[in-house]
**Q** 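Let me begin by handing over the structure; questions about it come next.
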Amino acid sequence: MKNTVIELSDLTKDFGNHRGIFDVNLSVEEGEVFGYLGPNGAGKTTTIRHLMGFLRPDAGECRMFGQDCFTNAAQIGEKRGYLAGEPVFFSDLTGEQYLEFTAGLRRMKSRKRMHELMELFEISRFGPVHKMSKGMRQKLGLICAFMDGPEAVILDEPTSGLDPLMQGRFVELILEEKKKGTTILMSSHLFEEVEKTCDRAAIIREGEIADTLDMRKLAAKRKKIYTAKFTDAEAAKGFVRRLDPSWDMRTADGPGQKEAGIPGVSVIRCLENQVELTVFGPPAALLKMLSEANVADLSVRAESLEELFLQYYDTGEHGPKGENR
Amino acid sequence: MMIPLLKRDFTACIRIFLILFAVICMYTVIIIYLYDPEFAHILNDYQELLPDLMAAMGMTGAATNLLEWIQVYLYGFVMLLLPMVFAVILMQKLLTGYIDSGAMANLLATPNSRRQIIRTQAAAAVLWMAVLMGAVTLVGIISAGALFPGELDLAGYINLNASTFLLQLLICGIAYAAACMCSESRQYYLFGAGLPVLFFLIQAIANMGEKLEWLKFFTIFTLLPCNRIAQGVEGVWQYNLAMAAGAAALFAFGSIWFEKRELYI
């Protein structure tokens with residue numbers, strides 16, 4: 001049994017007017033990469049502030065390495081790296097001076113990892129902080145978070161401001177740290193980075209955990225999205241009619257919930273000559289039908305987490321609890 | 001004590017130190033240079049002619065020797081106000097700036113407790129104020145020695161600066177407590193700078209007239225035993241003790257508050 005590194009039990013911080021976080025329960029095990037997802041203002045940063053010992057819970061507990069995050073912040077700090085949502089550095093220093101300052105405060109002996117990380121993010125020289133772009137500052141913050149070889153890292157929106165290439169480098173870094181056994185909790189509203197890196201993810205909505213999902217199980221349950229192009233709109237409509245006679249052509253947009261004639265296949269939308277389908281399970285029957293219908297082009301992609309999680313972002317009902325646990 | 005942070009505090013405050021030190025030096029040297037027992041009579045005449053105005057500027061009492069001269073014309077205004085400005089800016093740089101900008105998060109994310117951080121910043125503030133007052137004292141002694149050899153009562157002058165240092169520590173304490181409690185620079189300036197300035201104004205008014213003299217019980221500046229030191233009267237240590245105790249209490253209060261407070265950074 002692995003040790004639990006991060007443990008929140010019934011963590012509550014009430015700012016009034018239903019703002020804050022309420023009865024948050026989470027546990028992240030050693031070596032796990034945990035995603036913390038939610039729209040802006042859902043309570044991600046408030047949770048992280050508790051983990052960092054900046055805030056005191058109104059109720060419940062917040063522990064890292066078995067110690068209370070508020071009272072033992074310094075001891076926890078020995079083993080923990082941190083990247084703030086909007087990292088602020090001293091504007092009169094250069095990036096290198098700032099790293100050296102942080103290394104001093106962390107009483108670091110070696111600068112090897114620092115230089116490795118600078119290489120990873122392709123930085124030969126930082127220059128003064130006040131002239132840095134948002135992306136550059138983010139890189140500086142990431143190096144600060146990881147350069148001391150932490151056992152656990154808390155990252156608040158780690159890829160904001162990074163270009164796609166550097167986002168890729170970030171994913172590399174996380175996967176490398178994961179191999180080392182580093183425990184990582186990262187908040188995000190970008191599903192892609194979570195999808196590529198995390199073992200599990202929790203979704204927070206209006207201060208409450210809406211669901212906690214196992215990403216591997218989720219991947220197995222994920223549907224495929226097929227986009228079929230036909231020669232013209234009539235052919236597309238004809239195909240949909242054959243596939244699902246109950247499909248409402250007037251709206252040309254369906255809920256994608258009800259299954260069509262073939263098990264595991266449902267129509268999402270039919271626009272002009274294009275038909276979008278979700279497919280779960282073996283596609284043989286669908287492929288046969290498509291080839292008979294003279295499909296002009298076919299593309300297949302995996303359903304994104306975003307599409308999966310969209311339900312949690314709607315303000316109305318909660319998502320289907322427990323379905324994907 | 002966190003040495004890297006202390007080094008950082010040094011570079012962060014050196015510029016404002018140099019500026020204020022230069023201004024204070026200029027005043028100190030000019031006032032000493034202007035010392036002239038004859039001229040002292042003229043200024044005494046001014047005090048008789050315009051007692052309220054001179055009193056409001058903190059210039060009261062006759063100057064019959066160099067120490068009294070310095071005490072009357074420097075330690076009623078310049079040496080109260082300028083180190084006060086330094087104290088307020090110091091705390092902004094050492095604490096409020098970090099909290100307001102969010103840079104405090106980076107300090108707290110390192111394996112250093114709030115107690116270590118806040119004690120380092122308190123030590124930096126006390127050190128800086130000591131350096132300022134020490135340097136000013138040296139400049140005074142050197143310029144008096146060069147311009148009027150043997151005229152300055154050295155022990156009295158050092159005592160005067162020691163007491164002023166304690167008063168400035170008390171002001172630092174007010175600013176420190178305000179910085180520990182506030183999250184934004186605006187709030188900090190309202191209390192950290194507002195209260196010392198208010199005390200200063202009350203003192204200026206209390207100096208002006210007998211009817212308003214009772215106001216002196218509502219300002220910390222009454223604790224500075226300037227006249228007693230200049231006139232060589234006994235009982236200075238009680239005042240010093242009161243200022244030191246007040247400063248220590250304010251620093252302790254601020255530190256405890258900071259250790260327990262919530263930080264939205």
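None of these values were measured; they are calculated from a predicted model.
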**Q** Identify the two heavy atoms, one from B:S101 and one from A:V88, that lie closest to each other, and give their separation to 0.1 Å.
**A**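 For B:S101 versus A:V88, the nearest heavy atoms are O-CG2, 3.0 Å.
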**Q** Name, in order of residue number, those residues of residues 55-81 of chain A that have a heavy atom at a distance of less than 4.5 Å from a heavy atom in chain B; otherwise write 'none'.
**A**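 Heavy-atom contacts from residues 55-81 of chain A to chain B are A:L55, A:R56, A:F70, A:A74, A:G77, A:E78, A:R80.
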**Q** Enter the distance from A:R107:CZ to B:T110:OG1 here, rounded to the nearest 0.5 Å.
**A**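 Result: 7.5 Å between the selected atoms.
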**Q** Would one find more than 12 heavy atoms of other residues, nucleotides or ligands at under 6.0 Å from atom CD of A:E122?
**A**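 Counting other residues, nucleotides and ligands, CD of A:E122 exceeds 12 neighbours.
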**Q** Answer yes or no: does atom CZ of B:F21 have more than 12 heavy-atom neighbours from other residues, nucleotides or ligands under 6.0 Å?
**A**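 For B:F21, atom CZ is crowded (more than 12 foreign heavy atoms under 6.0 Å).
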**Q** Got more than 12 heavy atoms from elsewhere within 6.0 Å of NZ, B:K260?
**A**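 Not buried by this count: 12 neighbours or fewer within 6.0 Å.
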**Q** Measure the CZ-CZ distance between B:R8 and A:F90 for me, rounded to the nearest 0.5 Å.
**A**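 These two atoms lie 5.0 Å from each other.
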**Q** Any side-chain heavy atom of A:M52 within less than 4.5 Å of one from B:L108?
**A**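 In short, these two side chains do not touch, never coming nearer than 4.5 Å.
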**Q** Do other residues, nucleotides or ligands put more than 12 heavy atoms under 6.0 Å from A:R111 CZ?
**A**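 More than 12 within 6.0 Å, yes.
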**Q** Checking A:R49 side chain against B:I265 main chain: does a donor-acceptor pair fall under 3.5 Å?
**A**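 Between the backbone of B:I265 and the side chain of A:R49 there is a qualifying donor-acceptor contact (under 3.5 Å).
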**Q** Looking at every non-hydrogen atom in both residues, tell me the closest pair between A:Y82 and B:A105 and how far apart they are.
**A**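 Here A:Y82 and B:A105 meet closest at CE2-CB, 4.2 Å.
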**Q** Tell me whether B:E262 is salt-bridged to A:K13, with the criterion being a basic N under 4.0 Å from an acidic carboxylate O.
**A**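 The answer is yes: the pair qualifies as a salt bridge.
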**Q** Does any backbone or side-chain atom of B:R114 lie under 4.5 Å from a heavy atom of chain A? Answer side chain, backbone, both or neither.
**A**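 The answer is the side chain of B:R114.
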**Q** For B:N106 and A:P87, indicate whether the former's side chain and the latter's backbone hold a donor-acceptor pair under 3.5 Å.
**A**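 No, because the side chain of B:N106 does not come within donor-acceptor range (under 3.5 Å) of the backbone of A:P87.
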**Q** Heavy-atom distances under 4.5 Å only: say whether B:Y264 touches chain A with side chain, backbone, both or neither.
**A**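 Backbone plus side chain of B:Y264, per the 4.5 Å heavy-atom cut-off to chain A.
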**Q** Above 12 or not: heavy atoms from other molecules or residues under 6.0 Å from OH of B:Y27?
**A**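 No.
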**Q** Does NZ belonging to A:K109 count more than 12 external heavy atoms closer than 6.0 Å?
**A**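 Open: at most 12 neighbouring heavy atoms sit under 6.0 Å from NZ of A:K109.
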**Q** Is it true that atom OH of B:Y33 has more than 12 heavy atoms of other residues, nucleotides or ligands lying nearer than 6.0 Å?
**A**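 No, not enclosed.
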**Q** Would you mind checking which part of A:L93 comes under 4.5 Å of any heavy atom in chain B, side chain (CB onward), backbone (N, CA, C, O), both or neither?
**A**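 Side chain only.
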**Q** What part of B:K7 is in contact with chain A, defined as an atom under 4.5 angstrom from a non-hydrogen atom: side chain, backbone, both or neither?
**A**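 For B:K7, neither part sits under 4.5 Å from chain A.
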